[in-house]
Amino acid sequence: MTMRPAPLCLMIGLMTCLSVPRQAAAAIPPWLRDLFPSTYRPLPREDTLIVHATILDGAGHRIEDGSLLMRDGRIAAIGPHLTDAKAHVIDARGRWVTPGLIDIHSHDGTYVVPITAIDEETSDVSELSDPNAADSWIETAINPQDPAFARALAHGVTTLQVLPGSSPIFGGRSVVLHPIPATTMQAMKMPDAPWGMKMACGENPRSEDAEKGRGPTSREGEIAFIRAAFAKAGRYRQDWKRYLAGQGTQPDDDARLDTLAAALDGMIAVHMHCYRADEMAVMLDLSRALGFRIAAFHHAVEGYKIAPLLARAHVCAAVWSDWWGYKMEALDGIRENAAFIDAAGGCAMMHSDSPFLGQWLNIEAGKAAAAGRRAGLDLPPEHVIGWLTANPARALGLDRRIGSLEPGKDADAVIWSMQPFSVYAHADMVFVDGAVAFDRTDPHRRPRTDFELGRTPPEAP
Amino acid sequence: MTWARRTAAMAILATLGPWSQARADGAPAPVIAIVHALAMPVTTPPVADATIVIAGGHVRSVTAQGPIPPGARRIDAHGQIVTPALFSAATQLGLVEVSGARDTDDRTLSHGPLGPAFDVQYALNGQSNLLPLARADGLAWAMSYPGGTQIAPFAGQGALIHLRPSGDILARAGAAMVALTGDMALATAGGSRAAQWVLLRTALAEARRAPSPRDPASALILSPVDRAALAPVIAGTMPLLIAANRESDIRQAIRLARESAIRVAVLGGAEAWRAAAELAAAHVPVILDPEADLPQTFDSLGARLDNAAMLAKAGVEIAFSVPGNGIYLSYDAGLDLREGAGIAVANGLPYATALRAITAAPAAIWGMRGAGTLTPGAGADLVLWDGDPLEPASNPAMLFIDGHEVSLSTRQRTLRDRYAPTRAGTPPDNATLPPAYR
């Protein structure tokens with residue numbers, strides 16, 4: 001996979017962008033501006049040494065009776081017998097440690113429970129006024145009080161990507177969040193994480209547009225629509241490049257074309273909702289022809305049919321273990337999907353798409369791996385954990401910071417009560433940037449949203 | 001009438017049903033002895049190193065190191081677990097193929113005059129592609145229920161299905177009359193929960209009265225055909241399954257059970273833990289989703305993962321139905337029923353009770369004696385597992401229905417085999433031809 005540079009302003013922070021002299025500011029194309037910069041700060045933390053754990057490091061290794069040292073919010077060391085005089089020591093004998101899980105496909109904060117009749121008429125999952133909603137930024141809709149965030153955290157999720165829905169062809173920009181308690185989206189937003197752009201193919205946009213009586217009503221129409229949109233964005237991008245090079249007048253600032261231009265720039269990777277193998281193959285060709293990069297196919301129910309093709313294209317696939325059958329394009333779903341994509345050398349990931357499933361990603365991987373093993377594949381836990389950690393980190397362009405327990409990376413880690421792919425496993429403790437964000441045994445470290453407060457008892461009566 | 005007495009009465013009816021001992025092709029059920037099994041008969045304690053003898057389509061004996069009858073087929077379980085085949089207390093198997101394609105979906109009435117008379121038995125598709133997968137995951141029994149009608153609050157009548165490979169899956173029609181309360185069918189009830197209960201009670205009262213063409217009140221809600229459909233509910237022979245999640249609706253269901261001879265069961269029950277003692281006292285069983293812990297709607301603000309554990313501790317008979325975003329309910333009806341039971345165990349439910357909730361409990365709730373247990377005389381529907389059945393990573397190694405070994409093959413498995421990366425070069429494979437030639 002080719003590494004793309006992070007957007008300039010994302011790397012250096014928005015305040016720097018805003019404070020640069022006017023002339024220099026004009027040298028930055030409008031699609032790089034972060035209008036809603038992160039205010040995330042790690043929770044209060046102390047240096048922590050976890051000892052006597054079975055560690056799956058996310059990079060393919062399994063360490064028995066292992067230790068993990070987290071210092072100043074980073075992984076300081078990992079190995080068989082570490083000591084540290086100052087760190088708080090947690091004896092994890094009999095328990096397992098993994099990197100924090102990454103849910104690369106969440107709608108938490110926009111598909112907010114409780115769902116009410118109001119959601120039948122309007123919803124924040126997708127902007128539906130146009131098949132091209134590339135100008136919508138899902139981060140502007142995030143409700144931090146969605147109880148699903150706290151549930152995901154309590155089940156080991158430390159990072160999630162909230163994507164717009166699949167009804168528009170261009171859903172808009174995604175956002176990467178930590179599911180930690182906050183009163184604003186900005187306080188959950190992972191600093192300097194690149195945006196993604198959601199696109200969708202197949203049945204969902206087609207039926208949405210047919211229902212609304214506007215936009216493409218066929219798969220071929222969707223492709224034509226995408227071509228037209230990128231052609232326009234390409235001209236917009238050229239106009240801006242010319243202007244930034246000192247030629248011509250300043251082009252209009254168009255939020256919709258901004259996102260597409262950023263995709264053409266390689267600054268924003270596409271997260272593509274597709275089910276069928278043939279659709280994914282068409283999208284791969286289209287992405288090459290038009291010059292955008294697909295980071296991952298999402299759902300990819302038929303990914304196993306083109307596993308070598310996905311591997312060669314360095315495109316990840318975010319899949320379920322066992323969802324199939326509920327629509328025509330999902331008929332051929334098999335439980336070995338992730339395992340077969342993996343076996344071809346591809347980048348398999350489990351995803352939730354649902355607040356319910358967002359709590360059980362570990363079981364999802366367990367089910368998918370078990371199916372692969374029955375099909376004859378060797379899938380040890382230290383490899384399978386990558387489907388929930390290293391691989392989604394890579395698809396998000398964050399593999400230098402999260403996804404494995406390697407020195408220097410963010411100290412996002414989970415202590416599991418037992419082998420984490422078991423239905424009986426609990427996330428005992430969840431660390432985000434080295435801080436205890438969830439502790440199953442400590443009521444003061446089990447966040448509850450404002451919504452739940454005063455409604456339901458936290459403990460059994 | 002108590003639930004136990006009613007169940008006993010129903011069991012007598014059930015035994016009159018066709019307990020098939022022969023396959024559709026007439027082959028008699030063979031004599032089989034499964035040896036060295038960890039038998040979990042559910043209704044009796046586990047038996048280690050058990051010999052399980054099945055013959056004539058029934059379980060004959062489960063004994064520790066018991067003898068093998070002469071001429072029996074011997075199957076060595078190598079210490080693995082054998083349980084009754086699973087029973088989903090509420091699913092929609094056989095009623096839907098592709099939920100997004102409405103011409104393949106017979107679950108719900110959006111038009112037409114039928115209310116309680118809507119009876120899903122006529123739509124059951126024994127060749128549905130969802131059934132072999134459910135079987136391969138260990139499921140042999142289910143109550144398949146309707147999704148709704150335009151005659152509030154009734155959804156219609158569910159049917160008991162027995163997942164025989166022959167395709168003849170109807171075990172008993174009219175297994176349950178389903179009523180929807182709370183936010184599930186507000187619109188058809190006119191927009192208020194209060195109307196749902198008045199409509200339900202009025203309909204039941206109409207069904208109790210003798211039909212009288214001169215009495216206009218008799219036709220307020222029920223057509224003659226709907227009135228006839230409710231007669232077995234009034235008589236206490238057809239359970240009334242009330243879908244309810246909010247505590248207030250659950251308490252209304254308890255009230256109805258206390259005031260009448262109607263056999264009430266609750267489906268959903270997200271907040272049932274708030275009325276656990278009352279449910280137990282009224283002998284109202286609860287079919288719940290052990291994976292529900294989100295306040296999905298205002299009716300289930302109290303949803304929590306220890307619901308099952310609290311209900312069981314209070315003495316409520318519980319069974320499981322796992323909707324899983326509406327997908328698990330039918331598309332993975334066996335696998336995720338087990339996953340749900342496992343999650344309940346992880347959250348405090350005793351293992352034996354969790355296993356019962358997906359075997360003997362639904363059999364008792366639906367009055368299907370001889371299902372969901374391995375006691376002698378029970379139907380020989382059982383599973384030899386390759387691990388802990390409540391771990392979704394485990395699978396059946398062998399499945400028996402009516403005493404016959406049943407194929408575990410599925411369409412998914414044929415797709416798997418066609419595209420398996422491990423297959424390359426395996427004779428008689430020809431990797432140069434497209435998959436359709438494989």
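Bear in mind the structure is a predicted one, so any value in this text is a computation, not a measurement. Just so we're on the same page: letters track the sequence lines, and every chain starts at 1.
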Subject >> Selection from A:S321, A:S422, A:G372, A:G376 maximising heavy-atom pairs under 4.5 Å formed with chain B >> reply: A:S422
Subject >> Interchain contact, A:E203 with chain B, by part (heavy-atom threshold 4.5 Å) >> reply: neither
**OP:** Locate the shortest heavy-atom distance separating A:Y424 from B:A346; write the atom from each residue and the value.
**Re:** CA-CB, 3.8 Å
Subject >> Exercise: identify the closest heavy-atom pair between A:I363 and B:P392 >> reply: CG2-CG, 3.8 Å
Original post:
Non-hydrogen atoms of chain B under 4.5 Å away: do they reach the side chain of A:A344, the backbone, both or neither?
Top reply: neither
**OP:** Could you tell me which portion of B:I327 (side chain, backbone, both or neither) has an atom closer than 4.5 angstrom to a non-hydrogen atom of chain A?
**Re:** side chain
**OP:** Please confirm whether the backbone N or O of A:I115 pairs with a side-chain atom of B:Q296, one donor and one acceptor, at under 3.5 Å?
**Re:** no
Original post:
A:W323, A:W324, A:W360: which one forms the most heavy-atom pairs within less than 4.5 Å of chain B?
Top reply: A:W324
Original post:
When you look at B:L415 and A:E336, which way does the side-chain contact (heavy atoms from CB on, under 4.5 Å) test go after all the steps?
Top reply: CA-CA 10 Å; B:L415 278 166; A:E336 296 81 3; over 6 Å; no
Original post:
Is atom CZ of A:R455 surrounded by more than 12 heavy atoms (other residues, nucleotides or ligands) closer than 6.0 Å?
Top reply: yes
Subject >> Residues B:D137, A:R335; criterion salt bridge (Lys or Arg N to Asp or Glu O under 4.0 Å); working and verdict >> reply: CA-CA 12 Å; B:D137 288 323; A:R335 293 178 187 157; 2.8 Å; yes
**OP:** Grab the two heavy atoms, one from A:R374 and one from B:R416, that are nearest each other, plus how far apart they are.
**Re:** O-NH1, 4.0 Å
Original post:
So how far is it from A:N337 CG to B:Q412 CD, rounded to the nearest 0.5 Å?
Top reply: 12.0 Å
**OP:** Would you mind checking which part of B:D183 comes under 4.5 Å of any heavy atom in chain A, side chain (CB onward), backbone (N, CA, C, O), both or neither?
**Re:** neither
Subject >> chain B contact via A:E302 - which portion, at a heavy-atom distance below 4.5 Å >> reply: neither
**OP:** Tell me, for B:L133 versus chain A, whether the close heavy atoms (under 4.5 Å) come from the side chain, the backbone, both or neither.
**Re:** side chain
Subject >> Which atom of B:A420 lies closest to which atom of A:F340, heavy atoms considered >> reply: CA-CE2, 3.4 Å
Subject >> Heavy-atom pairs under 4.5 Å with chain A, option from B:T297, B:I343, B:N347 with the top count >> reply: B:I343
Original post:
Do the charged groups of A:D332 and B:R418 touch, with an N to O distance under 4.0 Å?
Top reply: no
Original post:
What part of B:R338 gets closer than 4.5 Å to chain A, counting heavy atoms only: side chain, backbone, both or neither?
Top reply: neither
Original post:
Looking at A:G366, A:A307, A:S354, A:A343, which one has more heavy-atom pairs under 4.5 Å with chain B than the rest?
Top reply: A:S354
Original post:
Taking it one step at a time, do B:Y328 and A:D322 satisfy side-chain contact (heavy atoms from CB on, under 4.5 Å)?
Top reply: CA-CA 8 Å; B:Y328 290 176; A:D322 57 4; 3.4 Å; yes
Subject >> Toward chain A, the part of B:E271 with a non-hydrogen atom under 4.5 Å >> reply: neither
**OP:** With a 4.5 Å cut-off on heavy-atom pairs, point out which of A:V113, A:L357, A:V423 contacts chain B the most.
**Re:** A:V423
Subject >> chain A contact via B:T410 - which portion, at a heavy-atom distance below 4.5 Å >> reply: neither
Original post:
Under 3.5 Å, is there a donor-acceptor pair between the side chain of A:R151 and the main chain of B:D293?
Top reply: yes
Original post:
In terms of heavy-atom proximity below 4.5 Å to chain A, should B:L130 be classed as side chain, backbone, both, or neither?
Top reply: both
Original post:
Taking everything shown except A:M328 itself, do over 12 heavy atoms lie less than 6.0 Å from its CE?
Top reply: no
**OP:** May I ask you to name which of B:P295, B:G342, B:S99, B:G100 has the most heavy-atom pairs under 4.5 Å with chain A?
**Re:** B:P295
Original post:
Do the non-hydrogen side-chain atoms of B:V96 and A:Y326 ever get within less than 4.5 Å of each other?
Top reply: no
Original post:
Given a strict heavy-atom distance threshold of 4.5 Å, which part of B:D388 is in contact with chain A: side chain, backbone, both, or neither?
Top reply: side chain
Original post:
Is the NZ atom of B:K313 crowded by more than 12 outside heavy atoms at less than 6.0 Å?
Top reply: no
